[in-house]
Every structure is written in structure tokens, then in C-alpha cells.
Amino acid sequence: MPSPLLFPTSVVGSMPRPDYVKDLISEDFEVSDDQYRNRMEGAVRSVVALQECAGIDVLTDGEWWRKSYIGVIAELAHGFELSLNPADGRPWTIVVDKLAPKQPGFIAQEVKFLKQITQRNIKATLPAPALLGERMWDEKLSSAAYPTRDDFVRDCVPILRREVELLRDEGVEIVQIDDPHLCLFVDPEVRAKYDDADKAADFAVDMTNQMVDGIADVKLAVHLCRRAGARVRGEKNHAGGYDPIINQLNRLQVNHLTMEFTTPGAGDMAVFGKLRDDFEIGLGCVNC
């Protein structure tokens with residue numbers, strides 16, 4: 001669905017959480033369900049007002065309803081437990097059992113509230129299936145349910161696809177799939193860790209395509225994030241232009257790519273000439 005604006009502006013999705021929101025979602029912060037909802041609604045109203053006052057055209061709720069952006073899958077499906085990552089001691093949502101639907105429409109409910117408080121266009125965001133595989137599968141803890149990482153990723157697809165369908169039915173303008181995992185493959189050091197880096201990148205694309213195949217009446221987008229920490233690269237930022245994954249990007253069955261250029265070493269906009277002509281490009285140029 002084309003925008004009436006030549007260059008509409010948007011946030012990628014998440015917005016930095018102030019301390020009072022961090023407190024609200026903390027496990028140690030005790031409030032009733034009604035108190036939690038009332039306070040979070042107030043917080044979301046504030047971040048929406050911030051975007052409106054800044055002149056943003058396509059809004060999100062900052063993803064503030066989610067205690068963890070990646071961990072939101074545990075709201076959509078059974079099969080996860082909260083553990084601690086042995087590498088750094090941080091909370092870690094890990095798959096330990098076969099997935100089964102839990103709360104389909106959890107993300108769609110975010111949109112339902114957002115539509116009540118703004119007249120501007122709305123974007124909803126979901127993690128890519130391969131990203132979940134990268135972050136949430138562990139060889140020791142997960143293998144009884146899913147012997148391989150790819151087995152787990154395949155089972156994430158129908159859970160996420162159902163959420164895309166419900167978001168479309170809720171009337172959201174844009175559904176954005178976030179895939180920093182695919183951007184791992186721009187880095188020669190990361191590519192060297194795979195027996196076949198292109199095959200792994202192709203698998204990530206195939207899973208995203210299955211997630212959105214045949215879904216119409218909503219703009220579908222993929223966000224390519226360069227900054228998020230990941231299993232094979234820790235928290236460091238890896239250089240490398242988008243050229244190594246051009247073939248994969250051109251296979252994505254989406255209307256829009258948001259490509260990050262705030263990270264040094266990400267290359268320049270000459271790469272746009274190598275992309276399909278029908279892509280709408282979001283140029284990520286400000287780091288919030």
C-alpha cells in the first residue's frame with residue numbers, strides 16, 4: 001500500500017526504555033495485573049506522543065509491552081523456560097520442549113491498543129525464525145526437543161505466521177520482520193565459521209519467506225540490523241557491506257527492506273543498485 005508521502009519517516013521498532021518502564025517489567029516489581037496494564041498504557045501513550053511530536057509518520061509502541069523483544073516468542077508458544085546464559089549470566093529464554101500455541105494474538109493486542117491512541121500509520125514487529133534459532137536453541141538444553149537448531153527454526157515458522165495473519169486482520173499497515181541474524185553473513189570472519197555460509201543464509205531467507213508466503217493486504221518488511229549481539233559474534237560490531245548477502249536479499253518475498261547504515265563499515269548506498277527494482281528501501285541513518 002503506497003504512502004502518500006515521498007519519504008515517510010519511522011522508527012525501526014524498539015525505543016529506549018526509561019527507568020520507570022524497566023522497573024515495571026522487572027520480575028522484582030510487584031504490581032497487580034490492573035496496575036501493570038494501567039501504568040504500561042500510560043508509558044506507551046508517552047512514547048507515541050514523543051514520536052508524534054517529532055513528526056514521525058509511521059509509529060510503533062516502542063515494543064514496551066514485551067519484557068524481552070526476542071523472548072516475545074515465549075508469549076506466543078509453550079516450550080520455553082527462562083534460564084541464565086552461562087556466557088554472561090543474563091536472563092535467557094531457551095527452548096526445552098516442543099512448541100505449541102499459547103497466546104496467538106499477543107502482538108496483535110499491542111496493535112489494537114496503539115490504534116486507539118494514534119491516527120498515524122502503525123508498524124508491528126516480529127523476530128525472524130532464524131534469529132530465534134540463533135538465540136534460543138542450546139545444544140545441551142534444547143536437543144531433547146529439537147536435535148538441531150534448524151528443527152527448532154522450522155517449528156517457529158507456523159507460530160510466527162499465525163501472528164502475521166492476526167496482525168493483518170487487526171489492520172496494521174506494516175508488518176516488519178527483524179533479522180540481524182541474516183546480517184551476520186556480511187562478515188568474512190563469521191562466514192568462515194560455517195561449512196557453507198550461503199546455504200545457512202539461504203535457510204534464513206527460506207524460513208522468512210514461508211512465514212509470509214501468500215499473505216496479502218499488508219506491507220511486509222524486513223529490517224536488517226547490524227548492531228545486535230549474537231551467538232557467533234558476541235557484542236562486537238562487525239564490518240562488511242551488504243554485498244555478500246545480495247542474492248539472499250533479492251529472494252526475500254517482502255515489499256520493503258530497512259537497511260542500517262549507522263554502523264561504520266556497513267558500506268554505502270551504491271548497494272541499492274544491486275537490489276530488486278520493486279523493493280522500497282528504508283534508510284537507517286539515526287541511532288536512537
Side-chain angles (χ1 to χ4, degrees), residues 9-78 80-85 88-94 101-127 131-132 135-136 159-160 162-164 166-178 223 225 227-229 286-288:
T9 55
S10 178
V11 295
V12 166
S14 59
M15 291 285 282
R17 304 187 205 219
D19 286 343
Y20 74 90
V21 174
K22 293 178 183 178
D23 288 342
L24 188 57
I25 64 175
S26 168
E27 297 293 337
D28 300 326
F29 196 75
E30 297 183 1
V31 292
S32 69
D33 289 346
D34 286 344
Q35 288 174 320
Y36 173 81
R37 180 161 192 89
N38 287 339
R39 294 182 188 186
M40 189 57 79
E41 284 182 355
V44 169
R45 288 179 186 276
S46 72
V47 77
V48 168
L50 175 65
Q51 293 170 77
E52 290 182 335
C53 289
I56 301 298
D57 302 304
V58 181
L59 310 184
T60 76
D61 62 4
E63 299 167 2
W64 284 4
W65 289 102
R66 311 177 192 185
K67 293 186 177 183
S68 162
Y69 172 68
I70 300 297
V72 73
I73 186 66
E75 304 290 350
L76 304 177
H78 296 285
F80 298 93
E81 73 174 23
L82 184 63
S83 182
L84 294 178
N85 192 320
D88 53 26
R90 290 188 297 180
W92 187 24
T93 303
I94 195 77
K102 180 181 177 182
Q103 291 187 83
F106 180 87
I107 297 175
Q109 285 297 313
E110 298 175 349
V111 168
K112 186 174 184 177
F113 176 70
L114 193 52
K115 289 179 65 179
Q116 295 173 10
I117 61 175
T118 185
Q119 298 300 311
R120 300 196 186 181
N121 285 352
I122 290 171
K123 175 196 295 183
T125 61
L126 302 96
L131 173 63
L132 298 177
R135 304 284 181 87
M136 295 184 153
I159 300 293
L160 293 169
R162 180 57 182 152
E163 205 65 20
V164 175
L166 293 172
L167 285 166
R168 175 203 57 198
D169 295 346
E170 193 60 51
V172 70
E173 283 79 18
I174 301 171
V175 172
Q176 174 182 288
I177 301 160
D178 292 329
H223 167 226
C225 179
R227 299 181 59 85
V286 177
N287 180 6
C288 67

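Only this structure's heavy atoms are used, side chains among them; waters, hydrogens and symmetry mates stay out.
Here OG1 of Thr125 is found 9.0 Å from CG of Leu167. Values are rounded to the nearest 0.5 Å. The line from CD1 of Ile73 to CG of Leu132 is 5.5 Å long, rounded to the nearest 0.5 Å. The structure places OG of Ser26 at 11.5 Å from CG of Asp19, a figure rounded to the nearest 0.5 Å. Here CD of Glu173 is found 11.0 Å from OG of Ser10. Values are rounded to the nearest 0.5 Å. Note that CZ of Arg39 is 11.5 Å distant from CG of Asp34, once rounded to the nearest 0.5 Å.
Side-chain atoms of Trp65 do not come within 3.5 Å of backbone N or O of Ile107 as any donor-acceptor pair. Remark: the backbone N or O of Phe106 is not paired with any side-chain donor or acceptor of Gln109 at under 3.5 angstrom. Checking side-chain atoms of Tyr36 against main-chain N and O of Glu30 turns up no donor-acceptor pair under 3.5 Å. Judged purely by atom type and a 3.5 angstrom limit, Glu163 has no side-chain atom pairing as donor or acceptor with the backbone of Leu76.
In this structure, Lys67 does not pair ionically with Glu75, as no charged nitrogen and carboxylate oxygen lie closer than 4.0 Å.
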Side-chain donor-acceptor pairs under 3.5 Å in residues 45-58, sequence neighbours left out?
unit_1 : atom_1 : unit_2 : atom_2 : d
Ser46  : OG     : Tyr20  : OH     : 3.3
Ser46  : OG     : Ala43  : O      : 2.5
Gln51  : OE1    : Thr60  : N      : 3.3
Gln51  : NE2    : Val47  : O      : 3.1
Gln51  : NE2    : Thr60  : O      : 2.8
Glu52  : OE2    : Thr118 : OG1    : 2.6
Asp57  : OD2    : Thr9   : N      : 2.8
Asp57  : OD2    : Thr9   : OG1    : 3.0

task = Apply the test side-chain contact (heavy atoms from CB on, under 4.5 Å) to residues Ile25 and Arg17: give CA-CA distance (whole Å), side-chain angles for both, the deciding distance (0.1 Å), then the verdict.
result = CA-CA 10 Å; Ile25 64 175; Arg17 304 187 205 219; 3.2 Å; yes
request  = Check the pair Phe80, Ile94 against side-chain contact (heavy atoms from CB on, under 4.5 Å), reporting the backbone distance first and the verdict last.
outcome  = CA-CA 5 Å; Phe80 298 93; Ile94 195 77; over 6 Å; no
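Scanning all heavy atoms of the two residues, the minimum distance from Leu166 to Pro104 falls at CD1-C, 3.8 Å. Pairing each heavy atom of Pro127 with each of Leu160, the nearest pair is O-CD1, 3.5 Å. Considering every non-hydrogen atom in both Ala124 and Val172, the closest pair reads N-CG2, 3.8 Å. Contact detail for Trp64 and Met40: the closest heavy-atom pair is O-CE, 3.3 Å.
The shortest distance between side-chain heavy atoms of Thr93 and Ile70 does not fall below 4.5 Å. Contact check for Trp92 versus Leu82: no side-chain heavy atoms found under the 4.5 Å cut-off. The shortest distance between side-chain heavy atoms of Ile174 and Asn121 does not fall below 4.5 Å. Looking at heavy atoms from C-beta onward, Leu126 lies in side-chain contact with Val175 at the 4.5 angstrom threshold.
Within a 6.0 Å sphere centred on CD of Gln116, other residues, nucleotides and ligands contribute more than 12 heavy atoms.
With Glu110 as the partner, the salt bridge (charged side-chain N to carboxylate O under 4.0 Å, His left out) test is satisfied by one option alone out of Lys115, Arg66, Lys123: Arg66.
Side-chain contact annotation: Asp178 with Gln176, donor-acceptor N/O pair under 3.5 Å present.
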